[in-house]
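Worth knowing before you read on, the calculation uses all heavy atoms, side chains too, and leaves out hydrogens, waters and symmetry mates. The chains referred to below are lettered A, B, ... by the order of the sequence lines, with proteins before strands, and numbering in each begins at 1.
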2 protein chains.
Amino acid sequence: MTSTADKILDVAQTLIVAGGYNAFSYADISDAIGIRKASIHHHFPTKAELVTTLVDRYRQQTEAGMTSIQQQVSSPAEQLRFYLNFWQTCIRDASLPFCVCAMLAGEMQMLPEDVASRVRAHFHSLAKWLASVLQAGAEQRLFRLDKRPEDEAQVLMATVHGAMLSARAFNDPDLFAAIVDTQMARLLMQGR
Amino acid sequence: MTSTADKILDVAQTLIVAGGYNAFSYADISDAIGIRKASIHHHFPTKAELVTTLVDRYRQQTEAGMTSIQQQVSSPAEQLRFYLNFWQTCIRDASLPFCVCAMLAGEMQMLPEDVASRVRAHFHSLAKWLASVLQAGAEQRLFRLDKRPEDEAQVLMATVHGAMLSARAFNDPDLFAAIVDTQMARLLMQGR
DNA sequence: CGAATTCATCCTACTAGTAGGTAGATAACA
DNA sequence: TGTTATCTACCTACTAGTAGGATGAATTCG
């Protein structure tokens with residue numbers, strides 16, 4: 001049993017992932033969960049506060065996911081594989097076919113500052129996590145890095161987000177896996 | 001001297017690039033170019049038609065750009081460099097800090113079908129052009145491709161779009177160049 | 001115990017403002 | 001002259017957000 005506030009955030013997340021900040025309204029949420037608009041305003045007085053809370057929750061879930069990956073598997077190569085598989089699955093079964101923060105990043109200039117700063121923070125922490133995994137992998141001679149782990153992490157992150165976009169543009173979930181797997185293979189020291 | 005219709009498209013393009021399909025209105029354009037809303041409707045009866053025309057124009061400009069690159073420089077490596085430099089410059093001087101179609105691709109599900117199909121078409125032709133450049137470069141031993149040119153083109157395109165997103169998220173235009181140059185360097189057969 | 005009170009949740013009904021779009025008059029132009 | 005471009009004025013639907021009341025479940029008080 002989930003709370004009303006959580007249900008509101010769930011619907012809002014789905015709608016944001018589908019079309020961004022400006023593509024959803026309180027009325028949409030109202031219709032989706034069978035509650036009056038005013039009741040949504042009771043839980044989240046303004047749209048900015050709603051999305052702020054939403055991004056906070058998303059960041060928390062992401063952080064938990066990262067920690068979980070690092071606890072469950074020890075090999076940096078497998079850790080990266082887990083991260084990529086997560087999105088591969090999300091996109092394939094259409095459960096979360098886009099990163100909330102990647103979606104919002106495109107609208108950065110139009111977002112309330114409270115939201116924008118949190119989106120930026122997500123990008124920072126994701127880049128940091130990827131860099132740490134890449135660095136650990138490089139130290140264990142699992143990855144071959146041409147540049148600093150931080151730089152390679154930026155490339156990888158961009159590829160992942162771009163692959164989400166391409167999968168959507170081509171309406172082909174498998175394209176995400178194809179792009180990301182190519183990049184993953186390039187990181188692994190193949191035939192060296 | 002540009003026509004009113006072109007001025008409308010110019011403003012609309014700037015606004016779409018800033019926040020997507022749902023983040024601009026006829027009133028915004030009206031304010032920007034000092035013309036009444038109704039006059040915009042004279043040129044573009046509906047918003048869908050406006051954006052459809054806009055994407056058509058953008059695709060035409062892109063096509064012309066590609067052709068121009070292939071006429072002016074012969075080396076596939078330089079052709080690719082030209083393409084990447086174009087975006088590097090656009091993003092750095094903030095003239096066109098995002099690809100219109102990449103922006104719209106994120107909102108694919110909410111777009112009018114006429115717009116969506118054109119966005120898809122842009123992705124197809126861009127992927128095709130990149131693949132042809134990569135293939136030519138591989139044949140001339142300028143690029144080292146791990147996979148088929150079509151697959152490598154998809155990776156490259158995703159990286160470019162993802163780099164646009166990152167540059168925006170981090171509010172750092174130079175990040176685009178850093179990401180894209182790393183990927184470019186990887187394509188070139190550097191001492192391997 | 002039971003009554004009074006607080007509180008959270010949800011509601012109906014409303015606001016001011018904006019969305020995309022239309023009708024019809026007027027002006028400029030070929 | 002008719003055609004193209006622009007205007008004023010308006011429409012309906014929707015936007016985020018507010019005011020104030022009904023319900024019911026805790027909590028406090030006599």
Seminar exercise, completed: Students should find that the nucleotides of DNA chain C closing off the region near chain B, any atom under 4.0 angstrom from a heavy atom, are dA19(C) to dA23(C)
Exercise. Heavy atoms under 4.0 Å, any strand shown: does S25(A) hit a base, just sugar-phosphate, or nothing?
Worked result: sugar-phosphate
Exercise. Reckon F44(A) touches a base, only the sugar-phosphate, or nothing at all at heavy-atom distances under 4.0 Å?
Worked result: nothing
Exercise. How is A27(B) classified with respect to the nucleic acid when contacts are heavy atoms under 4.0 Å: base, sugar-phosphate, or nothing?
Worked result: sugar-phosphate
For this session: Please tell me if the side chains of Q70(A) and W129(A) come closer than 4.5 Å, counting only heavy atoms from C-beta onward.
Result: yes
Exercise. Can you tell me how far P of dA9(D) sits from NE2 of H42(B), to the nearest Å?
Worked result: 20 Å
Problem set entry | Spacing of NE2 belonging to H43(A) relative to OG1 belonging to T4(A), to within rounding of 0.5 Å | 4.5 Å
For this session: Determine whether the side chains of D56(B) and T53(B) contain a donor N or O and an acceptor N or O closer than 3.5 Å.
Result: no
Exercise. To the nearest 0.5 Å, how far apart are CG in D28(A) and OG1 in T14(A)?
Worked result: 11.5 Å
Problem set entry | Short side-chain N/O contact from H41(B) to OP1 or OP2 of dA5(D), under 4.0 Å | no
For this session: Round to the nearest Å and state the distance from I40(B) atom CD1 to dC7(D) atom C1'.
Result: 13 Å
Exercise. Do K128(A)'s NZ or CZ and the ring of F123(A) fall within the cation-pi criteria of under 6.0 Å and 45°?
Worked result: no
For this session: Would you please test H161(B) and F98(B) for ring pair (Phe, Tyr, Trp, His ring centres under 6.0 Å) and show each step?
Result: CA-CA 8 Å; H161(B) 292 151; F98(B) 219 93; 7.8 Å; no
